[in-house]
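Working notes, structure below.
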Protein chains: 2
Amino acid sequence: MATKNVADQTLRVLKDNKLRVTPQRHVILSYLASHHNHPSVDTIHAALSKELPNLGASTIYNTLNTFVERGLVIELQNGDGSTHYDYFGTPHYHAICTNCGKIVDVSYEGFGKDEKEFEKRTAELSGYMISGNHMEVYGLCPECQVKLGIKRP
Amino acid sequence: MATKNVADQTLRVLKDNKLRVTPQRHVILSYLASHHNHPSVDTIHAALSKELPNLGASTIYNTLNTFVERGLVIELQNGDGSTHYDYFGTPHYHAICTNCGKIVDVSYEGFGKDEKEFEKRTAELSGYMISGNHMEVYGLCPECQVKLGIKRP
DNA sequence: CATTTAATTGTACTCATTACTAATTAAGAC
DNA sequence: GTCTTAATTAGTAATGAGTACAATTAAATG
């Protein structure tokens with residue numbers, strides 16, 4: 001059994017979600033699935049304009065909003081004024097640098113279980129019918145600690 | 001020992017943070033400390049314009065940004081396009097309704113401890129020097145579940 | 001293929017937030 | 001209390017992310 005490439009995988013994801021398969025959607029989702037750089041709309045636009053020269057910014061907004069509605073992708077704010085996007089393959093959360101805005105994925109064995117437990121507890125406490133969560137941790141990334149001359153205790 | 005009122009408490013908070021005490025800052029912080037409605041800049045402006053008729057929107061933005069920098073207040077997005085603010089008295093997190101945007105505070109015995117543990121683990125995994133976090137859970141609030149005719153399992 | 005229905009695009013627009021500047025004011029020294 | 005000065009405020013203009021809209025294009029279905 002050969003390993004599926006990203007294009008095949010994302011094609012299947014689109015079909016499974018009953019989304020009409022357009023080159024734009026396919027390319028955007030493939031970009032998100034193969035990069036872990038938490039791009040903004042601008043970043044995506046710049047990266048894909050070689051592949052699809054007529055790709056419009058409004059299409060990217062539309063497409064990403066559709067993906068977010070289906071839960072394929074999540075939105076992140078890092079304080080630079082624009083929204084960043086992340087394809088949500090395996091359970092993880094984010095550490096965001098308060099100095100340079102860098103976002104990294106964090107996970108550990110059992111995070112998925114902890115997360116479910118947290119959602120269940122929240123449902124009991126609040127009465128909300130939970131559909132998802134964001135966990136973000138803020139701080140200085142290793143590079144900025146060096147750059148700012150900060151010693152770790 | 002008499003219980004301090006909100007105005008006295010917030011005055012102390014401003015002084016402790018070495019912030020110059022202005023009526024604007026005092027009134028805005030008192031509003032946040034005595035309301036748990038997670039207001040936007042507009043909401044605050046509308047609520048305080050009786051008390052301070054000349055209060056400018058830019059002052060509210062400046063003031064809130066100052067408070068956020070000092071960690072007195074945190075920012076929240078509920079998807080309506082504007083930023084909401086919350087005075088951070090005791091450790092808690094937020095449940096946000098994906099239908100109406102309502103934000104409620106959630107906490108439980110031991111949440112503060114869990115939170116610290118989570119930050120410590122994140123520091124070890126990512127190398128970040130942690131200064132804070134946001135935990136948010138999304139779902140339908142009880143009112144919207146009824147409104148949308150959804151049965152809870 | 002032909003039809004139907006949805007997606008894309010570009011432009012115009014909205015509106016939250018920031019930048020900038022002149023006028024005002026809080027805090028501390030005398 | 002008055003003075004000094006450095007910070008804050010308020011108003012307006014500017015920015016820029018994101019949305020609305022209408023015409024065009026393209027995917028799905030049979």
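Chain letters run A, B, ... following the sequence lines, proteins first, then strands; residues in each count from 1.
- Phosphate contact (OP1/OP2 of C:dT25, side-chain N/O of B:Q24, threshold under 4.0 Å): absent.
- Relative ring orientation between B:F111 and B:Y93 is described as tilted, the plane-to-plane angle lying within the 30° to 60° band.
- One distance of note links CG of B:N133 with CD of B:E119; it measures 4.5 Å at 0.5 Å rounding.
- Two residues, A:G56 and B:Q77, neighbour DNA chain C, and the one matched to the more 5' nucleotide by heavy-atom proximity is A:G56.
- Taking atom CG of residue B:L52 and atom P of nucleotide D:dA10, one finds them 7 Å apart after rounding to whole Å.
- Using a 4.5 Å heavy-atom cutoff, the side chains of B:Y138 and A:H134 are in contact.
- End-to-end axis angle for the helix from C:dC1-D:dG30 to C:dC30-D:dG1, using five pairs per end and rounding to 10°, comes out at 60°.
- Using cut-offs of 30° and 60° on the angle between ring planes, the pair B:H92 and B:H94 is perpendicular.
- The interatomic distance linking A:L14 (CG) with C:dA6 (P) rounds to 17 Å, in whole Å.
- Minimum atom distance to the side chain of A:R20 is reached by C:dA7, of the listed C:dA7, D:dG11, C:dT8.
- Among the protein residues, B:T83 comes within range of the sugar-phosphate backbone only, with heavy atoms under 4.0 Å from sugar or phosphate atoms but none that close to a base.
- Not a single donor-acceptor pair, N or O on each side, falls under 3.5 Å between the base of D:dT8 and the side chain of B:R25.
- B:P53 comes within contact range of no nucleotide atom at all, as no heavy-atom separation falls under 4.0 Å.
- Interface remark: the A:T22 side chain does not form any donor-acceptor pair with the C:dA7 base, using a distance-only criterion of under 3.5 Å.
- Looking at B:K102 and B:H38, their side chains never come closer than 4.5 Å, going by heavy atoms from C-beta outward.
- In this structure, B:L19 atom CG and C:dG28 atom P are separated by 13 Å, rounded to whole Å.
- Atoms OH (B:Y61) and P (C:dC15) sit 13 Å apart, rounded to a whole Å.
- To the nearest angstrom, P of C:dA7 lies 17 Å from NE2 of A:H26.
- For B:V21, the side-chain atoms get nearest to C:dA27 when compared with the rest of C:dA6, D:dG11, C:dA27.
- A distance of 7.0 Å separates NE2 in B:H84 from OG1 in B:T43, rounded to the nearest 0.5 Å.
- Rounding to whole angstrom units, CD of residue A:E75 and C1' of D:dA17 are separated by 12 Å.
- A:I60 places its CD1 atom 13 Å from the C1' atom of D:dA17, with the value rounded to the nearest Å.
- Counting non-hydrogen atoms under 4.0 angstrom, A:N65 reaches the backbone sugars and phosphates but no base.
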Applying side-chain contact (heavy atoms from CB on, under 4.5 Å) to B:V73 and B:D86, what does each step give before you reach the verdict? CA-CA 5 Å; B:V73 156; B:D86 191 25; 5.9 Å; no
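- Rounded to an integer number of Å, the gap from A:N54 CG to D:dA26 P is 10 Å.
- The backbone N or O of A:L55 sits nowhere less than 3.5 Å from a side-chain atom of A:T59 that would complete a donor-acceptor pair.
- Ranked by how close their nearest DNA chain C nucleotide is to the 5' end, B:N62 and B:H84 are led by B:H84.
- Between C:dA26, C:dA16, D:dG18, one nucleotide has an atom nearer to the side chain of B:S82 than all others, and that is C:dA16.
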